[in-house]
Amino acid sequence: MQIPLVDYLVLDNGPYLQANECEGCGARFFGRRNACAKCGGREFNSVRVSDTGTLRTFSIVYRAAPTIPTPYVSAIVQTDDGTSVRSNLINVAPDPGKITLGMKVKLDTYVVGTDDDGQEAVAFGYAPA
Amino acid sequence: MAQDIWVLGAHMTAFGRYPDQDAVDLATTAALGALDDGGVTISDMDILSCGTLFQANSGMGQQVQKQIGQTGIPVYNVSNACATGATALRTVIMAIRAGEADLGLAIGVEQMGKMGLLAGGARKEKNVYEPSGRYGAVMGIDGILGTDTMPGVFAQAGMEYANDNDGVGFEQFAKVAQKNHAHSTLNPLAQYQKEFTLEEVMGSPMQSYPNTLLMCCPTGDGAAACVLVGEERFASLSREQQSRAVKISASVLTTDPYVESGQMQPDVNTLTRNAAQAAYEQAGVSPEDLSLVELHDCFATAELIHYDNLGLCERGGAGDFIDRGAPWRDGETPVNVSGGLISKGHPIGATGVANVYEVATHLRGEAGDRQVEGANLGLAHVIGLGSSCGVHILEKSGIS
Ligand SMILES: [Zn+2]
């Protein structure tokens with residue numbers, strides 16, 4: 001059994017990220033919404049977010065909670081359909097010389113933990129495309 | 001605009017560690033110092049505002065009253081992340097403008113002990129995964145889906161600027177910290193007063209690339225306070241009080257308006273640009289008129305992007321601005337001559353009052369070894385993630 005780390009990661013027929021898109025203005029949000037931060041609208045549609053994008057910014061993080069392996073690469077990706085996504089950059093060395101701003105990246109998933117019932121949590125990250 | 005408001009008295013404690021004092025002691029020292037400096041007493045105050053973040057539920061303002069005078073005036077305890085101090089100031093300013101007060105006391109205080117700014121998400125992991133929270137997460141996501149840590153968030157803000165503009169990288173960010181550490185050697189109130197070479201800054205332990213340890217502000221204890229007065233009461237003050245008073249030409253607080261990328265990482269730029277623009281309009285001045293700026297350098301990457309956000313350099317020109325030495329004490333627009341948060345320290349609630357103290361002290365010509373010669377106009381900026389941005393522009397009195 002697998003369960004996504006967060007509910008906006010869809011594993012069935014995926015994996016892909018699913019956003020709530022405002023019917024009024026098209027602004028996209030991850031997670032539960034009450035109303036739109038851009039226009040105040042209250043109606044949303046679920047949309048599939050593009051799996052590919054470019055690296056907008058990053059940091060190589062050396063200090064974290066004990067359960068998190070360091071260093072890791074934190075990143076903001078702008079997907080090809082213009083949605084900002086925050087995640088880790090994976091399958092790349094945590095070395096500023098190996099990471100290029102603007103580089104093409106692609107969504108990927110991996111098992112990040114297993115609970116006492118043997119259920120696996122699946123996380124997503126972006127890897128060089 | 002409504003009536004002019006002046007800083008009549010100002011004081012700050014040295015920033016650092018105070019294991020033998022509590023936050024009430026620190027706030028009291030700053031409050032009494034500011035009252036004495038302004039030549040007034042607690043009995044003259046019509047309102048008191050007190051900012052602290054980590055003891056926001058403690059009734060800090062009333063605790064201070066119990067030490068310096070329970071006169072029955074209204075107290076507003078405020079908390080607004082790293083903009084807490086600026087919010088305390090603005091609370092008094094709004095009360096005076098509203099005609100409810102002639103004189104008021106604003107205090108900012110924080111005691112952080114040895115706590116770190118790096119506290120991350122580290123939520124308790126359950127044995128059985130169950131989605132919870134707004135994102136239906138089965139465990140803490142900090143460090144898995146990017147970073148929530150402050151050095152990391154501000155590192156990404158800096159690297160985004162590097163992505164959009166040429167000539168910005170690790171070395172430019174490091175030069176910011178080199179400057180602020182050098183400036184702090186002239187400030188006896190700074191938590192650290194030690195100079196470092198650029199190589200030492202770049203070679204210190206990496207926290208969150210490109211921010212090394214020497215490019216991050218420390219935690220610490222301290223307090224600052226200002227006595228503010230409206231123009232009607234100002235007219236009845238002594239000549240000496242009037243000549244040392246500093247005019248508040250602009251006072252602005254903004255929050256972050258919607259931007260697409262703001263869903264994923266805090267946008268520290270738009271609200272700062274909006275606050276700066278509103279402040280320049282209120283004061284009727286331009287960035288090039290400024291004699292000095294104290295801005296929110298919680299991390300070196302933050303200071304660099306705020307050169308641009310505050311209009312101190314051409315759009316996109318922050319890398320060149322630091323490369324040509326413009327923000328050094330003897331440069332075009334001295335920035336953080338106090339040593340900034342990076343070296344002077346950042347007791348969170350105190351910071352937004354302390355930077356107004358710093359600017360006011362220069363405008364009075366009382367800044368000692370670090371005095372910016374001929375200073376007549378200065379700007380103080382803070383930003384708290386969440387987000388809030390406070391900008392105050394101060395002007396020399398011109399009365400002799
Ligand atoms: Zn909308």
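Below, chains carry the letters A, B, ... as their sequence lines are ordered, and counting in each starts from 1.
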Would you say that more than 12 heavy atoms from the other residues, nucleotides or ligands in this model lie under 6.0 Å from the CG of Asp12(A), or not?
no
For atom OH of Tyr135(B), decide whether the heavy atoms of other residues, nucleotides or ligands shown that lie under 6.0 angstrom number more than 12.
no
Counting only heavy atoms from other residues, nucleotides and ligands, does the tally under 6.0 Å from CZ of Arg42(A) exceed 12?
no
Taking atom OH of Tyr258(B) and atom SG of Cys36(A), what is their separation to the nearest 0.5 Å?
6.5 Å
Need one label for Leu5(A): side chain, backbone, both or neither, based on atoms under 4.5 Å from any heavy atom in chain B.
both
Looking only at heavy atoms and a cut-off of under 4.5 Å, which of Ile60(A), Leu55(A), Thr70(A) has the most pairs with chain B?
Ile60(A)
Are the side chains of Pro131(B) and Ile3(A) in touch, meaning some heavy atoms are under 4.5 Å apart?
yes
With a 4.5 Å cut-off on side-chain heavy atoms, are Thr83(A) and Glu260(B) touching?
yes
Shortest non-hydrogen contact from Met139(B) toward Ala121(A):
CE-CB, 3.8 Å
Value rounded to 0.5 Å, distance of CZ in Phe29(A) from CE in Met264(B):
10.5 Å
side-chain contact (heavy atoms from CB on, under 4.5 Å) evaluation trace for Thr149(B) with Tyr62(A)
CA-CA 10 Å; Thr149(B) 64; Tyr62(A) 286 76; over 6 Å; no
Can you say whether Phe124(A) sits under 4.5 Å from chain B via the side chain, the backbone, both, or neither, judging by heavy atoms?
both
Between Val73(A), Asn88(A), Ile68(A), Val6(A), which residue shows the highest count of heavy-atom pairs closer than 4.5 Å to chain B?
Asn88(A)
Checking heavy atoms, do the side chain of Pro69(A), its backbone, both or neither come under 4.5 Å from chain B?
neither
Between Thr114(A) and Tyr129(B), does the side chain to side chain donor-acceptor pair (under 3.5 Å) criterion hold? Intermediate values first, please.
CA-CA 8 Å; Thr114(A) 307; Tyr129(B) 294 146; 5.8 Å; no
For Asp95(A), is it the side chain, the backbone, both or neither that has a heavy atom under 4.5 Å from a heavy atom of chain B?
neither
Relative to chain B, which segment of Phe30(A) carries a heavy atom at a distance below 4.5 Å: side chain, backbone, both, or neither?
both
If you measure from OG on Ser59(A) to CG on Asn211(B), what distance do you get to the nearest 0.5 Å?
7.0 Å
Tell me whether Arg86(A) is salt-bridged to Asp142(B), with the criterion being a basic N under 4.0 Å from an acidic carboxylate O.
no
Looking at Glu314(B), I want to see if its CD is surrounded by more than 12 non-hydrogen atoms of other residues, nucleotides or ligands under 6.0 Å.
no
Only heavy atoms, only distances under 4.5 angstrom. Which residues in residues 156-173 of chain B are near chain A?
Gln156(B), Met159(B), Glu160(B), Ala162(B), Asn163(B), Asp164(B)
With chain B, which of Ala123(A), Ala37(A), Pro94(A), Pro71(A) has the greatest number of heavy-atom pairs at distances under 4.5 Å?
Ala37(A)
Closest non-hydrogen atom pair, Gly146(B) against Ser74(A)
CA-OG, 3.3 Å
Walk me through it: do Thr57(A) and Gln265(B) pass the test side-chain contact (heavy atoms from CB on, under 4.5 Å)?
CA-CA 10 Å; Thr57(A) 185; Gln265(B) 73 165 352; 3.9 Å; yes
Other residues, nucleotides, ligands: >12 heavy atoms within 6.0 Å of Gln277(B) CD
no
If you tally heavy-atom pairs under 4.5 Å between each of Arg28(A), Gln119(A), Arg56(A) and chain B, the highest tally belongs to Arg56(A)
Tell me if a side-chain donor or acceptor on Arg63(A) pairs with a main-chain N or O of Gln207(B) at a distance below 3.5 Å.
no
Hey, are the side chains of Thr147(B) and Phe58(A) touching, using non-hydrogen atoms and a 4.5 Å cut-off?
no
